[in-house]
Amino acid sequence: MSAVPKVGRILSGMRPTGRLHLGNYVGALENWVRLQDAGWTNFAMVADWHMLTTGYEDTSNLQGHTWDMVLDWLAAGLDPARTTIFVQSAVKEHAELHLLLSMLVSKGRLERIPTLKEQIRDLGMDEQTISYGHLGYSVLQAADILLYRPTHVPVGEDQVPHVEVTREIARRFNFLYCPEDQPVFPEPEAQVTAFGRLRGLDGKRMSKSVGNTIMLAEEPGEIEQKVRQAYTDPKKMRKDDPGRPEADESDGHPGCVVWEYHRKFNAAEAEAIATECRAGRLGCVADKKRLSGVMADVLGPIRERRNQWAADPDAVRDVLADGTRRARQAARETMELVRSRMGVKSIVEPE
Ligand code: TRP
């Protein structure tokens, strides 16, 4: 791995699944905000066309989910003055680049992408029934990324195979159509979040459909109620039993979720809390109370900012309109280059 430069340029994207939970925040959004604050150029895209790859029949939620997610982005601290926030389907260049790049990658390569294979398995699909659009998921993602010619793509672990395809396509394009010293596309690097995945309250993978989440804009009362049900250590029956913050393979204990959240959101106290727990001096009930307080403090400002944006929908629309303009400008410049290098400029361009 090469060293991460002090500042670079990123394209980040998420499919619009509606309101975000803490897993989305820790896995991605928090990192986007950090990079923005460190002075990186940041394009943040709502990947609404990608939702169609698995959900093209019912599109009734698409706009509402986009809206809810953008509110959460703003709430989490994406600053529209510094980050270009836009929706994929508003920038048609994504479709054009997707088509052109789709020529540079084989069907076999796309079929081997582990993320896609997993998705097919999770949906209980037969590989033969996958749509042409779904098979091209990675190619559309490559177009999303390469249009903005970023140096890095901040993603969760599961997205790394898509970024790998993006790099291959960039390399192929540069090799075929560019003089060696004038590549059009930098090969963007996947920037995987350091903390990794935050587990759900039950210790399993956090997912809205399972109901084991804390939402980003959750109310303190709700937080307390949810944390009360969190998985701790099943062998710690009474408050003065010694507990096991860490995983223990001997009985398949995956590690205490409350401690995982302390480590993430209450790092300064986490070690002391673990020591107390192991010694049987801290019971789960008290520990959970403490975590609820921490979470309410962390999420309070986010919830407030969300409410402010939600009360001013015109301002949110302005953010998206302005972001779309900026994204289009960048996309247009890339497409000029791509068409000219590839030799697919039309002979006449009537207005
Ligand atoms: N595949 C990504 C996800 O499921 C969403 C996405 C689409 C994306 N285009 C992107 C992420 C470009 C990063 C860059 O989360």
Side-chain angles (χ1 to χ4, degrees), residues 8-21 23-33 35-36 40-55 62 65-66 69-70 72-73 78 83-95 97-98 101-102 105 110 113-120 122-123 133-170 185-193 196-198 205-209 323 327 330-331 334:
R9 178 178 167 103
I10 58 172
L11 176 287
S12 39
M14 259 186 220
R15 284 177 302 159
T17 51
R19 282 178 170 246
L20 299 178
H21 55 62
N24 306 124
Y25 178 67
V26 170
L29 189 51
E30 185 188 32
N31 203 24
W32 304 2
V33 175
L35 291 166
Q36 162 198 278
W40 288 54
T41 304
N42 189 355
F43 289 86
M45 181 196 72
V46 179
D48 59 341
W49 279 342
H50 274 99
M51 283 310 273
L52 302 176
T53 59
T54 51
L62 211 48
H65 280 175
T66 296
M69 189 167 81
V70 169
D72 275 343
W73 286 4
L78 280 191
T83 292
T84 301
I85 301 174
F86 69 102
V87 179
Q88 181 186 39
S89 61
V91 183
K92 309 302 179 202
E93 281 81 357
H94 289 252
L97 188 57
H98 168 251
L101 299 182
S102 72
V105 59
L110 296 177
I113 295 166
T115 314
L116 193 74
K117 281 188 161 168
E118 250 169 58
Q119 210 174 42
I120 290 172
D122 289 350
L123 294 170
H134 192 181
L135 181 63
Y137 190 104
S138 286
V139 187
L140 182 56
Q141 186 156 344
D144 296 339
I145 295 168
L146 295 177
L147 259 186
Y148 303 93
R149 289 177 281 166
T151 56
H152 293 78
V153 191
V155 285
E157 195 78 61
D158 62 313
Q159 296 291 309
V160 173
H162 293 310
V163 180
E164 192 45 49
V165 172
T166 303
R167 291 165 61 82
E168 287 170 26
I169 292 178
F185 298 121
E187 273 178 49
E189 254 181 66
Q191 204 175 46
V192 180
T193 26
R197 204 174 250 173
L198 190 71
R205 194 192 144 152
M206 195 185 291
S207 157
K208 255 206 281 203
S209 55
T334 300

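We're numbering straight along the sequence, starting at 1. It should be emphasised that the depicted structure is a prediction, and the values quoted were computed from it without experimental measurement. Start at 1 and go down the list; that is how both ligands and their atoms are numbered.
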- Task: Would you please name every residue forming a ring-ring contact (aromatic ring centres under 6.0 Å, His included) with His50, sequence neighbours left out?
- Result: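 ring-ring contact (aromatic ring centres under 6.0 Å, His included) check on His50 returns Tyr137.
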The side-chain contact (heavy atoms from CB on, under 4.5 Å) partners of Gln119 (sequence neighbours excluded) come to Arg15, Thr54, Leu116, Leu123, His134
(request) Could you tell me which residues satisfy side-chain contact (heavy atoms from CB on, under 4.5 Å) with Ala142, sequence neighbours excluded, listed by chain and number? (result)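 So Ala142 forms a side-chain contact (heavy atoms from CB on, under 4.5 Å) with Leu101, Thr166, Ile169.
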Per the under 4.0 Å non-hydrogen criterion, ligand 1 touches Leu11, Gly13, Arg15, Met45, Ala47, His50, Tyr137, Gln141, Asp144, Ile145, Val153, Gln159
Between Ser12 and the options Asn42, Ile145, Asp144, the side-chain contact (heavy atoms from CB on, under 4.5 Å) test singles out Asn42
Margin query: Over 60° means perpendicular and under 30° means parallel, so tell me whether His94 and Tyr148 are parallel, tilted or perpendicular.
Written below: tilted
CG (Asp48) and CE (Met14) are apart, to the nearest 0.5 Å, by 14.5 Å
